[in-house]
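Note that the coordinates shown come from a computational prediction; the quantities given were computed from them, not determined experimentally. Numbers restart at 1 for each chain; the letters A, B, ... are given by sequence-line order, proteins then strands.
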2 protein chains.
Amino acid sequence: MTIPAEQRRIAADEVRLPPGLLPDGRSGRILVEALRLFAEYGFHDTSIRDLAKASGIRSATLYTHYPSKEHVLAELIRLGHEAHHTALAAALPGTAPGSAERLAALVRAHVLGCARYPLLASIANSELHALSPGLAAPSLLLRADSRQMMLDTINLGLDAGVFDVPDPFLALTAIAGMGIRVANWYGSATPYTPEDIADSYAAFALRLAGARA
Amino acid sequence: MTIPAEQRRIAADEVRLPPGLLPDGRSGRILVEALRLFAEYGFHDTSIRDLAKASGIRSATLYTHYPSKEHVLAELIRLGHEAHHTALAAALPGTAPGSAERLAALVRAHVLGCARYPLLASIANSELHALSPGLAAPSLLLRADSRQMMLDTINLGLDAGVFDVPDPFLALTAIAGMGIRVANWYGSATPYTPEDIADSYAAFALRLAGARA
DNA sequence: GTCTATACGTAGATAGAC
DNA sequence: GTCTATCTACGTATAGAC
């Protein structure tokens, strides 16, 4: 039932969510419990009955709130992508396109989200394959746009001469990838705040991109 | 049945494995098919019947080769961790402890494995939670040792003054994390060879660690 | 080693009363 | 909205013949 710490997909042990992201009442409660169970055991190893029990209802009642188990997952993944995209977009104002400051702000927002809301980030990044194409589509659009924001920032910085990398796409994958993994290892046992990690990783990203010192 | 490209957990579309890693005959064939199915759909969404059909046998026959579906996964994950650990250990000779060359060699080995054998790397890193503790134990030992190799390298490099980072653990998570993600995005559609990526990421790691230029 | 046949539990989802 | 009861399909695994 309980997975040993070293084998868990995520180290975090509390469900945290962006304020106001979820609906009130039972529908919201179901999403919270689904987030916890899907992140820990995976979508396919969590049954409707598991989810209902954790939510304090019977399995049949779940269907008055969501048409299927897949729709519950889809809603969580969509909300996760939206929160992520919103955070990145909010990081742009106040920074010049293609500046080192803009890249630092984007990385900080990316990593902060992964550290503050690791369950949400983990599900959004690891369970998308379980959705039918129609339910995955909104998240894919947001994901493509978030990615483009970061790639544009790297490319414009290269044009402006503030960065120095042989291949901008590889820099993107490295910077984005190290941030995504934070959702897996960050937990209450670590001595860092999410802000600590976001700042450190932003500095790493600037070094990696060869930003002028 | 088939997952759209943008939703797949891994971009690779061919099963590649270190030469000689798997047994010959039917037992090996089962592992190859399990690798493909588990990596694509996940352990819990692949049934014994799916696996048997892909292997060219009936589901009952599978039990003459492995005692359970979980044992098939355990074997794959163990082999993956062994291949990874062996590759890291083989990178050490010829480099001085704590040197920038050693970190570069370790990162190159790490990333090369993730790019050459993405299915194996992906499963080893994302399905460990599905194993009972007894079956996961051998892999956990190898994982801890691999991690320590990299952490020692960073710490000794700091002592020697060849690196410059405020927090070695955060550098470790960033360097290891960006490499692990390569298994997810690298595929035949990208214009890079695994060696290209390994070299680029090794350079990124040195920059990130503040290696003297 | 491989098969056919099957046991037995649990999965997702629905019917209809309250 | 929530329940009890239930449908039907599929899950892992086993029995026993060849």
Judged by each residue's nearest nucleotide on DNA chain C, which is more toward the 5′ side, B:I57 or A:F43?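 Mapping each residue to its closest nucleotide by heavy atoms, the 5'-most match is B:I57.
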To the nearest Å, how far apart are [X] [atom1] and [N] [atom2]?
{"X": "A:L62", "N": "C:dT14", "atom1": "CG", "atom2": "P", "value": "12 Å"}
{"X": "B:E70", "N": "D:dG11", "atom1": "CD", "atom2": "C1'", "value": "15 Å"}
{"X": "B:R49", "N": "C:dA7", "atom1": "CZ", "atom2": "C1'", "value": "12 Å"}
{"X": "B:R29", "N": "C:dG1", "atom1": "CZ", "atom2": "P", "value": "16 Å"}
{"X": "B:I30", "N": "D:dT12", "atom1": "CD1", "atom2": "C1'", "value": "15 Å"}
{"X": "A:D45", "N": "D:dT12", "atom1": "CG", "atom2": "P", "value": "11 Å"}

If you only use heavy atoms from C-beta on, which nucleotide in [options] is closest to the side chain of [X]?
{"X": "A:S59", "options": "D:dT2, C:dA13, C:dC3", "answer": "C:dA13"}
{"X": "A:Y63", "options": "D:dT12, C:dG12, C:dT4", "answer": "C:dG12"}
{"X": "A:A60", "options": "D:dA5, C:dG12, C:dA5", "answer": "D:dA5"}
{"X": "B:R26", "options": "C:dT2, D:dC3, C:dT6", "answer": "C:dT2"}

Can [X] and [Y] be counted as having a side-chain donor-acceptor contact under 3.5 angstrom?
{"X": "B:H129", "Y": "A:R8", "value": "no"}
{"X": "A:Y201", "Y": "B:T173", "value": "yes"}
{"X": "B:Y192", "Y": "A:D167", "value": "yes"}

Identify whether any heavy atom of A:T46 sits under 4.0 Å from a base atom; if not, whether one sits that close to sugar-phosphate; answer base, sugar-phosphate or nothing.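 The residue A:T46 makes sugar-phosphate contact but no base contact.
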Heavy atoms only, 4.0 Å cut-off, all strands: where does A:T64 land among base, sugar-phosphate and nothing? base
State whether A:T61 places a side-chain N or O below 4.0 Å from either non-bridging phosphate oxygen (OP1 or OP2) of D:dG1.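 Answer no for this pair, as no side-chain N or O of A:T61 is under 4.0 Å from OP1 or OP2.
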Between B:H65 and C:dT2, is there a contact of a side-chain N or O with OP1 or OP2 at under 4.0 Å?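 Checking C:dT2 against B:H65, a side-chain N or O does come within under 4.0 Å of OP1 or OP2.
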Atom CD of A:E6 with >12 non-hydrogen neighbours under 6.0 angstrom: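 No, CD of A:E6 has 12 or fewer neighbouring heavy atoms, counting only those of other groups under 6.0 Å.
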Any donor-acceptor pair, under 3.5 Å, between the side chain of A:R58 and the base of D:dT4, if you only look at N and O atoms?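 Side chain to base: no pair present.
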Starting from the C-alpha separation in whole Å, work towards a yes-or-no answer on salt bridge (charged side-chain N to carboxylate O under 4.0 Å, His left out) for B:E101 and B:R108. CA-CA 10 Å; B:E101 290 72 27; B:R108 208 176 285 120; over 6 Å; no
